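Working notes, structure below.
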There are 2 protein chains.
Amino acid sequence: MWLRVDPRLSVPVYQQVVDGIKAAIASGLLRPGDRLPPVRELALELTINHNTVAKAYQELERERVIEVIRGRGTFVAARPSGRPPDYEERVKTLQDEMRRIWIEAYHLGLDADTVQEMFRAAAPGAKDAKEGTGDAVGRRGEIADEDA
Amino acid sequence: MWLRVDPRLSVPVYQQVVDGIKAAIASGLLRPGDRLPPVRELALELTINHNTVAKAYQELERERVIEVIRGRGTFVAARPSGRPPDYEERVKTLQDEMRRIWIEAYHLGLDADTVQEMFRAAAPGAKDAKEGTGDAVGRRGEIADEDA
DNA sequence: CGTTTGTACTATGCGTAGTGGTACACATAG
DNA sequence: CTATGTGTACCACTACGCATAGTACAAACG
């Protein structure tokens with residue numbers, strides 16, 4: 001299974017589901033149009049409550065990451081479709097988290113270049129190549145899968 | 001005041017205090033040996049409970065960021081003194097957060113180069129110059145002028 | 001001694017996360 | 001039409017963390 005959750009972690013289980021699915025999409029494991037497991041089925045596999053899965057799906061739908069069709073199922077949405085809701089806010093949050101990382105790195109005594117390198121290495125592409133011209137984050141390789 | 005907290009935010013107040021003080025140190029606003037306000041005094045200024053401030057101070061002491069002397073006060077510790085406790089764990093957490101940022105950036109439709117640039121801009125040094133050889137994060141020379 | 005400081009403790013309120021169970025609304029297939 | 005599969009909406013309940021409030025204790029210092 002491409003998803004695992006751990007109730008002992010401090011991050012909420014439903015958030016782990018959200019993050020996991022987003023990661024699977026960003027890495028190309030899930031592609032636009034792919035169908036996600038039904039809430040009850042996924043709940044069974046993860047040994048959590050179906051309400052928890054539902055909460056995750058609702059958050060993902062709110063972020064336009066998936067599309068939900070009542071009675072049919074949930075599907076991976078067709079790409080970062082335009083500007084998701086709260087775009088500005090989320091970018092700001094991203095910047096805040098970046099600053100927080102730098103501060104944390106400082107208190108760990110990490111070298112600035114090391115931090116930069118760590119960040120590059122954390123990218124979904126996960127390669128040392130530079131090549132970085134203009135294509136979207138993740139899935140550098142077979143990026144030509146716009147809609148499905 | 002170099003510290004503000006907002007109880008409406010989802011991040012806990014005591015954590016905001018921790019982060020704020022760490023930021024103040026990383027930016028050079030607070031320097032090793034500087035004395036922090038007494039718990040009750042800071043609690044008054046921030047309009048929070050003294051227990052909350054105490055919790056923040058305890059966390060900061062656990063991370064070797066400050067030093068506490070009963071009856072005297074709390075002081076900024078003398079630099080990232082060697083390896084703080086949970087060093088390995090915290091580095092791993094840092095890497096997790098970096099991956100999370102990349103994933104979030106992907107779903108916001110951000111360009112990889114843009115993300116890299118955002119990250120560089122979020123550094124405590126906050127300049128566009130490169131110069132970044134080998135010195136620790138933040139406080140390169142004199143340049144620390146970030147708010148907190 | 002008394003003051004200043006951090007710490008410890010108890011009690012209380014509050015919000016969120018998670019579970020468990022049930023019921024409803026919609027889509028599709030027979 | 002019914003039956004099934006799907007997401008959704010409730011409800012009740014538990015557990016935990018955050019924060020407050022008040023009080024008391026412990027260590028340092030003059």
Side-chain angles (χ1 to χ4, degrees), chain A residues 3-22 25 30 33-78 93 100, chain B residues 3-22 25 30 33-77 85 93 100:
Chain A
L3 224 186
R4 281 175 217 153
V5 293
D6 187 346
R8 294 168 304 177
L9 300 183
S10 62
V11 36
V13 175
Y14 85 91
Q15 189 65 53
Q16 295 181 43
V17 176
V18 169
D19 293 342
I21 290 177
K22 284 208 232 170
I25 295 174
L30 287 178
D34 282 356
R35 186 169 183 260
L36 292 173
V39 281
R40 296 166 232 257
E41 187 181 320
L42 186 52
L44 265 183
E45 287 199 37
L46 302 179
T47 343
I48 60 180
N49 194 273
H50 63 265
N51 289 320
T52 304
V53 178
K55 188 173 184 180
Y57 279 12
Q58 283 167 17
E59 172 62 15
L60 287 167
E61 191 194 23
R62 202 191 62 83
E63 297 182 16
R64 307 278 191 271
V65 173
I66 63 177
E67 285 175 6
V68 170
I69 311 181
R70 286 242 243 171
R72 288 203 53 213
T74 75
F75 306 85
V76 177
T93 302
R100 204 168 179 276
Chain B
L3 224 187
R4 281 174 218 154
V5 295
D6 187 346
R8 295 168 303 177
L9 300 182
S10 62
V11 37
V13 176
Y14 86 91
Q15 188 67 52
Q16 294 182 42
V17 176
V18 169
D19 292 342
I21 290 176
K22 284 208 232 171
I25 294 174
L30 286 177
D34 282 356
R35 184 167 184 261
L36 293 172
V39 282
R40 295 165 233 258
E41 187 181 318
L42 185 53
L44 266 182
E45 287 198 38
L46 301 179
T47 342
I48 61 180
N49 193 274
H50 64 263
N51 290 320
T52 305
V53 178
K55 188 173 184 178
Y57 279 12
Q58 283 168 19
E59 172 62 15
L60 288 167
E61 191 194 23
R62 202 191 62 83
E63 296 182 15
R64 308 276 193 270
V65 173
I66 63 178
E67 286 174 5
V68 170
I69 311 181
R70 285 243 243 171
R72 288 202 53 214
T74 75
F75 305 85
V76 177
T93 302
R100 204 167 179 277

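Side-chain atoms are counted along with the backbone in the values below, which use heavy atoms only and exclude waters and symmetry mates. Remember, predicted model here, so these are calculated numbers, not experimental data.
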Select one nucleotide: of C:dT7, C:dT5, D:dG7, the one nearest the side-chain heavy atoms of A:R70. D:dG7
Separation of atom CG in A:L9 from atom P in D:dG17, rounded to whole Å: 13 Å
What distance do B:L30 atom CG and B:I21 atom CD1 have between them, rounded to the nearest 0.5 Å? 7.5 Å
Answer yes or no: does a side-chain N or O of A:T52 lie under 4.0 Å from OP1 or OP2 of C:dT19? yes
Ignoring backbone atoms, establish whether A:K55 has a side-chain N or O less than 4.0 Å from OP1 or OP2 of C:dG18. no
Go nucleotide by nucleotide along DNA chain C from the 5' end; which of A:P12 and B:A54 gets its closest nucleotide reached first? B:A54
Look at the side chain of B:R4 and the backbone N and O of B:G20, then say whether any donor-acceptor pair between them is shorter than 3.5 Å. no
What is the distance from CZ of A:R8 to C1' of D:dA15, rounded to the nearest Å? 18 Å
When rounded to the nearest 0.5 angstrom, what is the spacing between CD in A:Q58 and CD in A:E61? 7.5 Å
Straight-line distance of A:R35 CZ to A:I66 CD1, nearest 0.5 Å: 12.0 Å
Less than 4.0 angstrom between a side-chain N/O of A:R35 and OP1 or OP2 of D:dT6, yes or no? yes
Tell me: CD1 of A:I69 to P of D:dG7, nearest whole Å? 11 Å
I want to verify a distance call: between C:dG21, D:dA21, D:dA27, whose nearest atom is closest to the A:H50 side chain? C:dG21
Measure from CD on B:E67 to C1' on C:dG6 and round the result to the nearest Å. 15 Å
To the nearest angstrom, the CG-P distance between A:N49 and D:dC11 comes to 17 Å
Ignoring backbone atoms, establish whether A:Q58 has a side-chain N or O less than 4.0 Å from OP1 or OP2 of D:dA9. yes
Could you tell me whether the phosphate oxygens of D:dA19, OP1 or OP2, come under 4.0 Å of any side-chain nitrogen or oxygen in B:Y14? no
Can you tell me how far P of C:dA17 sits from CD of A:Q15, to the nearest Å? 9 Å
Comparing nearest nucleotides in DNA chain C, the 5'-proximal residue of the pair A:N51, A:R72 is A:N51
Identify whether any heavy atom of A:I48 sits under 4.0 Å from a base atom; if not, whether one sits that close to sugar-phosphate; answer base, sugar-phosphate or nothing. sugar-phosphate
Under 3.5 Å, is there an N or O donor on one side and an acceptor on the other linking the side chain of B:R40 and the base of C:dG6? yes
Nearest whole Å is fine: how far is C:dG6 P from B:L60 CG? 12 Å
Nearest-Å distance, CG (A:L46) to P (C:dT19)? 10 Å
Spell out, as yes or no, whether a donor-acceptor pair under 3.5 Å connects the side chain of A:Q16 to the backbone of A:D6. yes
